[in-house]
Amino acid sequence: MSDSALSTTGGLVDMAAALAEGSVSARQLTEAALRRIAAAQPELNAFRSIRTDAALAEADAADRRLAAGERLPLLGVPLAVKDDMDVTGEPTAFGCAGPFAPKTADSEAVRRLRAAGAVIVGKTHTPELGQWPFTEGEAFGATRNPWNPHYTPGGSSGGSAAAVAAGLVPAALGSDGAGSVRIPAAWTHLVGVKPQRGRISTWPEPESFHGLTVNGVLARTVADAALLLDAASGPHPEDLHRPARISAVEAARRAPRRLRIALSFSMAFTATPKSLDPEVRSAVERLAARLESLGHEVILEDPRYGPIGLTFVPRATSGVRDWVARVPDPALLDPRTHEAVRTARVLGGLALRVSRRAETALRWRVGEIFDRFDVVLTPTTATPPLRIGALAGLGAMATDRAMIAACPYAWTWNVLGWPGVNIPAGLTAAGLPMGAQLLGPADSEPLLLGLAAQLEAEENWAALRPDSRRVPEGPVERAGSMQDDRA
């Protein structure tokens with residue numbers, strides 16, 4: 001059977017159904033995925049590790065279980081996870097250079113994927129400790145956007161986004177500490193779900209980056225994202241956050257009632273310059289008009305963010321400091337990472353404690369908008385994708401300013417711990433993807449997914465894919481080097 005016949009075009013739901021009915025085997029799907037990954041790796045560079053032998057063994061085991069009549073939601077489906085999640089037998093380098101030891105146990109999210117029957121084909125690239133909205137680093141080079149290899153797929157879940165957008169796997173897990181699922185989803189034309197804090201366990205971390213970071217999903221369709229979200233969800237006994245179980249799959253099948261939606265273009269205060277690209281604004285306004293055509297009421301209204309920015313930095317930099325303590329050779333880390341650690345030494349005490357205590361008041365302040373509206377619609381990013389190397393070689397402060405200018409919309413919901421869903425918003429005139437995000441209060445994934453599915457039925461996002469025949473703008477260097485684009 002050809003790779004085209006075994007492509008992931010049908011998506012996660014269709015692939016799981018084909019396996020259950022016996023029209024394709026897990027080994028066939030896994031072999032095809034591994035071939036696509038190997039062919040794409042020299043240019044796309046989405047994967048940190050590829051588990052060829054282990055994945056094939058898992059696929060063979062899945063086929064035996066299928067033949068015996070066993071049925072599980074993802075039995076035999078090849079998937080990828082981000083390289084901040086532990087997979088038995090693989091190192092978790094989290095974008096860093098150096099000799100990391102293989103892990104002896106799966107993280108809870110990976111364990112749950114295996115319990116649902118998934119085959120883990122590999123671990124995807126992330127920038128160093130997930131700090132930036134691009135996926136580049138001295139440890140591995142540059143991960144490239146399938147829509148145009150001169151541009152980043154975003155970050156920090158850029159490897160997972162690139163792998164899904166390019167059709168290497170039907171869906172993947174990522175993590176989101178300041179938009180790190182939603183930003184790459186926006187820049188690669190995917191559905192990206194940042195769930196409620198604790199929905200997908202971060203164990204062996206009771207919480208990640210002092211509550212900022214959650215695990216999430218990337219897929220081409222809402223149904224695929226919902227299936228993966230349900231499979232990965234659930235707490236470890238020692239998790240700090242344990243929201244009540246939901247059924248994302250059922251929610252994605254339900255049309256929402258008529259909703260009041262706040263359309264917001266305002267950005268939380270950061271004391272740094274930022275502005276919204278006109279093409280992005282126009283794309284989000286078009287989606288707002290589509291929502292109105294579906295019967296929803298859309299009104300310009302902004303959440304009251306207040307001093308939320310002051311609470312983010314102590315938590316983020318303290319999370320970096322926690323991780324750096326585990327790195328085998330800190331001398332190999334990016335200078336910007338060392339600067340984050342220095343900041344954490346100043347802010348990691350009283351300022352960190354105050355930041356955590358402020359969360360309740362911030363939820364009340366920002367959440368006031370949900371007394372009058374059901375959902376908030378904003379851009380996911382302020383700009384289209386950045387070029388590869390756009391932030392390379394910058395100092396820590398310059399990187400932060402450039403990062404905030406490109407991505408000022410997503411991080412506030414990480415402070416609050418609430419769910420958000422990126423939805424594709426179309427392409428720029430240059431053919432680069434843009435996204436919008438649906439934001440809700442605590443535990444609102446069912447509402448957000450139902451609304452996203454309703455929009456998807458009208459927009460048919462999955463029909464639009466990267467064109468493999470696109471002619472690059474110029475020579476693209478190999479994945480291990482960023483020299484040309486940095487010049």
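We use all heavy atoms of the structure for the numbers below, so side chains are in, but hydrogens, waters and symmetry mates are not. Numbers for residues simply follow the sequence, beginning at 1.
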J.: Any side-chain heavy atom of P385 within less than 4.5 Å of one from P153?
T.: no
J.: Start with the C-alpha distance between H210 and D322, add both sets of side-chain angles, then the distance that settles side chain to side chain contact (heavy atoms under 4.5 Å, CB included), and finish with yes or no.
T.: CA-CA 10 Å; H210 299 273; D322 296 343; 3.0 Å; yes
J.: Donor-acceptor pair, T202 side chain versus E205 backbone, under 3.5 Å?
T.: yes
J.: Locate the shortest heavy-atom distance separating G95 from A139; write the atom from each residue and the value.
T.: O-CB, 3.7 Å
J.: Can you tell me how far CD1 of I183 sits from CG of N422, rounded to the nearest 0.5 angstrom?
T.: 9.5 Å
J.: Is a donor from one side chain sitting under 3.5 angstrom from an acceptor on the other, for T381 and W187?
T.: yes
J.: Work out which heavy atom in R220 is nearest to a heavy atom in V164; give both atom names and the distance.
T.: NH2-O, 3.2 Å
J.: Indicate yes or no: at least one non-hydrogen side-chain atom of T412 is less than 4.5 angstrom from one of V366.
T.: no
J.: Report the distance from atom CH2 of W413 to atom CG of L212, rounding to the nearest 0.5 Å.
T.: 14.5 Å
J.: If we ignore hydrogens and angles and just use 3.5 Å, is the side chain of R144 paired with the main-chain N or O of N45 as donor and acceptor?
T.: no
J.: If only atom types and distance count, is the side chain of R197 paired as donor or acceptor with the main-chain N or O of V415 below 3.5 Å?
T.: yes
J.: Flag the pair V284 / L377 as yes when at least one side-chain heavy-atom distance between them is below 4.5 Å, and no otherwise.
T.: yes
J.: Closer than 3.5 angstrom, by distance alone: can the side chain of R199 be matched with the main-chain N or O of A244 as a donor-acceptor pair?
T.: yes
J.: Where do S180 and P184 come nearest, in terms of heavy atoms and distance?
T.: O-CG, 3.1 Å
J.: Return the minimal non-hydrogen interatomic distance between L333 and C96, and the atom names on each side.
T.: CD2-SG, 3.7 Å
J.: Quick check: do L79 and V119 have side-chain heavy atoms less than 4.5 Å from each other?
T.: no
J.: Indicate whether the side chain of T428 and that of E279 have a donor and an acceptor atom separated by less than 3.5 Å.
T.: no
J.: Given 3.5 Å as the limit, does a donor-acceptor pair link the side chain of Q41 with the main chain of F47, or not?
T.: yes
J.: Is a side-chain donor or acceptor of D329 paired with a backbone partner of A331 at a separation under 3.5 angstrom?
T.: yes
J.: Check K194 against N414 and note the closest heavy-atom contact, atom names and distance.
T.: CE-ND2, 3.6 Å
J.: Just wondering, do V193 and V222 contact through their side chains at under 4.5 Å, heavy atoms?
T.: no
J.: Between the side chains of T92 and D86, is a donor N or O closer than 3.5 angstrom to an acceptor N or O?
T.: yes
J.: Going by distance alone, is a donor N or O of one side chain under 3.5 Å from an acceptor N or O of the other, for S175 and K82?
T.: yes
J.: For A248, is there any backbone N or O sitting under 3.5 Å from a side-chain donor or acceptor partner on E445?
T.: no
J.: Give the ring-plane orientation class for H189 versus W147, where under 30° counts as parallel, over 60° as perpendicular and anything between as tilted.
T.: perpendicular
J.: Output yes when a side-chain donor or acceptor of K123 lies under 3.5 Å from a complementary backbone atom of P91, and no otherwise.
T.: yes
J.: To the nearest 0.5 Å, how far apart are CH2 in W132 and CE in M403?
T.: 8.5 Å
J.: State the CD1-OH distance between I369 and Y305, to the nearest 0.5 angstrom.
T.: 7.5 Å
J.: To the closest 0.5 Å, what do you measure between CD (Q196) and OG (S233)?
T.: 11.0 Å
J.: Within the side chain of R182, is there an N or O that forms a donor-acceptor pair under 3.5 Å with the backbone of A410?
T.: yes
J.: Just one of D224, N215, I200 clears the side-chain contact (heavy atoms from CB on, under 4.5 Å) bar with L229, so which one?
T.: I200
J.: Can I388 and T152 be said to form a side chain to side chain contact (heavy atoms under 4.5 Å, CB included), step by step?
T.: CA-CA 5 Å; I388 293 287; T152 181; 4.2 Å; yes
J.: Apply the test salt bridge (charged side-chain N to carboxylate O under 4.0 Å, His left out) to residues E58 and R114: give CA-CA distance (whole Å), side-chain angles for both, the deciding distance (0.1 Å), then the verdict.
T.: CA-CA 9 Å; E58 291 172 15; R114 291 194 194 278; 2.7 Å; yes
J.: To the closest 0.5 Å, what do you measure between CD1 (I404) and OG1 (T270)?
T.: 5.0 Å
J.: Are the side chains of V327 and L332 in contact, using a 4.5 Å heavy-atom criterion?
T.: no
J.: Does the side chain of V81 reach to within under 4.5 Å of the side chain of S160, using non-hydrogen atoms?
T.: no
J.: Using a strict threshold of under 4.0 Å (side-chain N to carboxylate O), is an ion pair present between D400 and R336?
T.: no
J.: Between the main-chain N or O of D277 and the side-chain N or O of T383, is there a donor-acceptor pair closer than 3.5 Å?
T.: no
J.: What I'd like to find out is whether the side chain of R112 reaches to under 4.5 Å of the side chain of P235, using heavy atoms alone.
T.: yes
J.: How close do P408 and A405 get, heavy atom to heavy atom, and via which atoms?
T.: CD-O, 3.9 Å
J.: Is a side-chain donor-acceptor pair under 3.5 Å present for Q131 with T337?
T.: yes
J.: Determine, stepwise, if the pair V77 / L29 fulfils side chain to side chain contact (heavy atoms under 4.5 Å, CB included).
T.: CA-CA 7 Å; V77 176; L29 288 177; 5.7 Å; no
J.: Using the rule given for side chain to side chain contact (heavy atoms under 4.5 Å, CB included), can you reason through E31 versus L56, listing the C-alpha separation, both sets of side-chain angles and the distance that settles it, and then say yes or no?
T.: CA-CA 7 Å; E31 285 180 336; L56 291 173; 3.5 Å; yes
